Chemist: 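First, the structure itself, so that you have it in front of you.
Basis for what follows: all heavy atoms, side chains included, without hydrogens, waters or symmetry-related copies. Note that the structure is predicted; figures quoted are calculated from it, not measured.
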Amino acid sequence: MAGTIHALILTPRPAKSLPFAHRIPHFPSKHAAFRFNFQLSRSISKPVKACQQSDQIDGDGKKAHNDSGSVKGLSWAKPLSNFVANNFLPLALVGGVALGMANPSLGCLADTYSLSKFSTFGIFIISGLTLHTGEIVAAAQASPAGIFGLVSILLFTPYFSRIILQLQLQPPEFVRGLAIFCCMPTTLSSGVALAQLAGANSALALAITVISNLLGILIVPFSISKYIAGGVGVSVPTKQLFKSLVLTLLIPLILGKIFRESFRGVADFVDQNRKLFSKISAVFLSLVPWIQVSRSRSLLLMVKPPVFLVAIGMGVVLHLILLAFNALALKSISAVSGGSRSVFSKKENAIAVLLVASQKTLPVMVAVVEQLGGALGESGLLVVPCVAAHLNQIIIDSFLVNFWLRKDLSTDSTKASEMFKRLTFLLLVGLLAWAYQAIQPPPPKLCGSPGGPLVTASRIKLRDGRYLAYKEYGVPKEVARYKIIYVHAFGSTRHDALIATTVPQEVLEDLGVHIVSFDRPGYGESDPDPKRTRKSLALDIEELGDQLGLGSKFYVIGYSMGGQVIWKCLQYIPHRLAGATLIAPVVNYWWPGLPANLSGAYYKQPPRDQWALRVAHHIPWLIYWWNTQKLFPTSSVVSSSNPNMNIFSRQDLEIIRNANVSERDNKVQAKQQGEYESVLRDMMVGFGTWEFDPLDLKNPFAGKEGSVHLWQGDEDRLVPVELQRYIAEKLPWIHYHELPGAGHLFPAADGISEAILKALLIEEK
């Protein structure tokens, strides 16, 4: 019986001697079919793939049906196993995270036995066993490119951690974890593997990887301490961290390398089974996120999915920025170091450096987190976004390598140029986005608003709807002979009315003084005034006097930055004043009437304060960034984390030592609605361009119905005395009082405020 074979497509392997694929016609007999199959099997050493199912004829001429169901059922097994083998590390990491989330009990048990420390030790034992040193010599010719790669990995890219810390995200460990990740050396394997796959200088990639990881053990603790710990207000035990990394990373790496070189056959065995050791290392690595996620599961479940997606997106953006930065740097260095003849211009070198210098290692990161002992937050929350970032960088770079393999970058200069432009554009967009966010101050926390500070003070509502908080001292205004509005200093509140708090109550009663101290806009419990000007503050004082019934005329006294406000009162509301006193008033160095020969007073300030004033005057829109960035020292009087005590005289330091707790609490309350609308707005208004020059003011009390006094200490290091001497010389109608040996805080000294009050009210008219 003749059997019929359905049309069969035969697809031989392309490398074999019979590279054809066509349809076979019907055979007249089974023998012909068998004869063809036999000849084909002899001609082709590899199995022939059938693309269409067929019936086979048995020896009796009957159709023998294949068990196609079982074959079809197993057809997915080999692709699946290949996928697992090719993606073992990312699958192991994701599996560790998933297992920790699904069943944390085993992970917590492993944590009690410090299994993660042993796994880290094992990872670097394997790294030592698989470490080749012979190839490093081959990278010597490209050493300039290698040096740049090391500098980028260990010095340049860790700086991006400061940019990351500017982001506001809850929980903060996500941000800190990525910042730590940014300080790490390059990946131990994926960067080299991708460089080799792309046809790049794999020896150079390997050399950068080995050296950066060895040096990273020395440098990483200091990078974290410099760039991250200070930014989040914690102290990292740098020496202890360094010691721990040496024990858990460097020593096992050296032991593995010694074992490889000391015992014959070990190197061959390891090299022949690199895939096996790679998988063992991946399993060890996956134990760390498994344990840490298990330990932090309850906290992770509290994180909203959109927040976690944002953290993942941050990791993607971070890697893209690092790629763009290194691409731009390589292109720039190549242009200035010989162009096409430079080692940086060679495609194989540039790709190798770009890949390894833009990736960050996860094993070292998790080892660092283990040794931090919670100093920067819950370790599980620190690690999870970095696992995602690690996977993302491999995926992104895989696409890049695939692109390079499909396109010959050495001949297709247009494509290379286009890619470079895109990376440059991406870097610029990222930097602009960061810059915009960095200069934008957070919105103020208004008193009485949801989540804002409580309202505890008496307040009036001003003409524009803002509230102004105030406090009253002395005798009731109904029986007072003298009514005074006091303007507090920089970084202070209504509670810091020194002429009331340092003068005995019986003296105030004898004089018949009623004092009103108020929180200037944005301070304490007064609403911020984003439109604040020099004139608006004088008008606020006038309205305060009217609403509190202080009469047609009242006295004003201002101290330090508040003393500056008195110049504005003398300019805009002189008709409402019965007298005025300026106590160590801050001077704007850009007043037109100040001569150039007094510029030396400006340069007596610490350089950090000079720059802070330059920013406030010339580029006030950068003042928030300047006073919150960590690159340069900020203003001595603004910074609470890094104050400069050299700006105080001996008398000032003695007064500070004797300050009570409530005075320190007042300083905290001063900025409770936000630093920008209080002290920073003060600087912008006070040191901006004034619409009038105080040195041109005329005597508002030409008829002797009142007086103006200016008090200054001759050892004041905040406001140089020579400036006040010049002002007193230019404005002879001012009663100038200079106190020998006094600093800037002299109103708090015994008896001084009482003397200031009496001089204004009863001694000199």
Side-chain angles (χ1 to χ4, degrees), residues 484 486-492 496-499 502-503 555-570 579-591 593-595 597-606 609 613 636-637 646-656 682 686-687 690 693-697 699 701 706-761 763-764:
I484 301 173
Y486 177 82
V487 189
H488 65 75
F490 186 87
S492 304
D496 300 308
L498 294 176
I499 61 164
T502 62
V503 176
Y555 294 87
V556 289
I557 298 177
Y559 169 45
S560 189
M561 207 71 174
Q564 215 186 50
V565 177
I566 306 305
W567 294 120
K568 303 161 191 175
C569 293
L570 292 171
T581 294
L582 302 91
I583 307 172
V586 172
V587 175
N588 186 326
Y589 293 92
W590 290 272
W591 285 341
L594 290 176
N597 61 3
L598 286 179
S599 61
Y602 174 79
Y603 293 103
K604 283 185 177 181
Q605 303 177 101
D609 293 337
L613 296 187
S636 298
V637 292
N646 292 327
I647 62 176
F648 298 111
S649 69
R650 286 180 297 176
Q651 183 197 57
D652 292 337
L653 293 174
E654 183 65 27
I655 291 172
I656 291 171
D682 232 9
F687 294 100
W690 287 35
D693 186 350
L695 281 83
D696 293 335
L697 287 175
N699 185 2
F701 306 113
S707 60
V708 178
H709 297 257
L710 194 157
W711 293 72
Q712 177 69 28
D714 70 349
E715 292 188 7
D716 192 330
R717 297 182 183 177
L718 283 170
V719 183
V721 67
E722 51 262 48
L723 296 177
Q724 310 293 22
R725 290 171 181 167
Y726 181 80
I727 292 171
E729 180 183 338
K730 287 286 290 182
L731 303 175
W733 45 270
I734 288 182
H735 299 277
Y736 180 62
H737 310 264
E738 186 173 303
L739 303 179
H744 191 70
L745 306 181
F746 67 84
D750 291 341
I752 298 297
S753 289
E754 182 177 341
I756 292 172
L757 273 178
K758 290 180 177 179
L760 174 65
L761 301 177
E763 291 180 7
E764 295 186 60

Chemist: Is the side chain of Asp652 donor-acceptor paired with the backbone N or O of His744 at a distance under 3.5 Å, no angle test?
Modeler: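 Side chain of Asp652 to backbone of His744, a donor-acceptor pair under 3.5 Å: yes, one is there.
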Chemist: CD1 of Ile655 to OG of Ser649: how many Å apart, nearest 0.5 Å?
Modeler: 7.5 Å
Chemist: Please round to the nearest 0.5 Å and tell me the distance separating atom CD1 of Ile734 and atom CG of Leu570.
Modeler: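 If we round to the nearest 0.5 Å, Ile734:CD1 and Leu570:CG are 7.5 Å apart.
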Chemist: Within the side chain of Asp693, is there an N or O that forms a donor-acceptor pair under 3.5 Å with the backbone of Gly593?
Modeler: yes
Chemist: Measure across Leu697 and Trp733 and return the closest heavy-atom pair with its distance rounded to 0.1 Å.
Modeler: O-CZ2, 3.6 Å
Chemist: Could you report the tightest heavy-atom contact between Pro747 and Leu498, atom names first, then the distance?
Modeler: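 Result for this residue pair: CB-CD1, 3.7 Å.
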Chemist: Write down the atom of Leu757, the atom of Ile557, and the distance for their closest heavy-atom approach.
Modeler: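 Of all heavy-atom pairs spanning Leu757 and Ile557, the closest is CD2-CD1, 4.0 Å.
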Chemist: Of all heavy-atom pairs between Ala489 and Ser560, which one has the smallest distance, and what is that distance?
Modeler: CB-CB, 3.7 Å
Chemist: Only one of Ile756, Leu745, Val586, Val565 passes side chain to side chain contact (heavy atoms under 4.5 Å, CB included) with Tyr559; say which it is.
Modeler: Leu745
Chemist: If I compare all heavy atoms of Trp567 with all of Pro585, which pair ends up nearest, and what's the gap?
Modeler: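 Where Trp567 meets Pro585 most closely, the heavy atoms are NE1-CB, 4.3 Å.
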Chemist: With rounding to the nearest 0.5 Å, note down the distance linking CD1 in Ile752 to CD in Gln651.
Modeler: 7.5 Å
Chemist: Do the ring planes of His735 and His709 sit parallel (below 30°), tilted (30 to 60°) or perpendicular (above 60°)?
Modeler: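 Rings of His735 and His709: parallel, as their planes differ by under 30°.
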Chemist: Please work out which of the three classes, parallel, tilted or perpendicular, describes the rings of Trp711 and His737, given edges at 30° and 60°.
Modeler: parallel
Chemist: Working to the nearest 0.5 angstrom, can you tell me the gap between Arg650 CZ and Leu653 CG?
Modeler: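 One gets 10.0 Å once the value is rounded to the nearest 0.5 Å.
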Chemist: Could you state the interatomic distance from CD (Glu715) to CZ (Phe746), rounded to the nearest 0.5 Å?
Modeler: 12.5 Å
Chemist: What's the verdict on side-chain contact (heavy atoms from CB on, under 4.5 Å) for Met561 and Phe687, showing C-alpha distance, side-chain angles and the deciding distance?
Modeler: CA-CA 10 Å; Met561 207 71 174; Phe687 294 100; 3.7 Å; yes
Chemist: Between Gly706 and Phe701, what is the shortest heavy-atom contact and its length?
Modeler: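 Heavy atoms of Gly706 and Phe701 come nearest at O-CB, 3.3 Å.
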Chemist: How long is the gap from CH2 on Trp591 to CG on Leu695, to the nearest 0.5 Å?
Modeler: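 One gets 7.0 Å once the value is rounded to the nearest 0.5 Å.
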Chemist: Answer yes or no: is there a donor N or O on one side and an acceptor on the other, between the side chain of Gln712 and the main chain of Val719, under 3.5 Å?
Modeler: yes
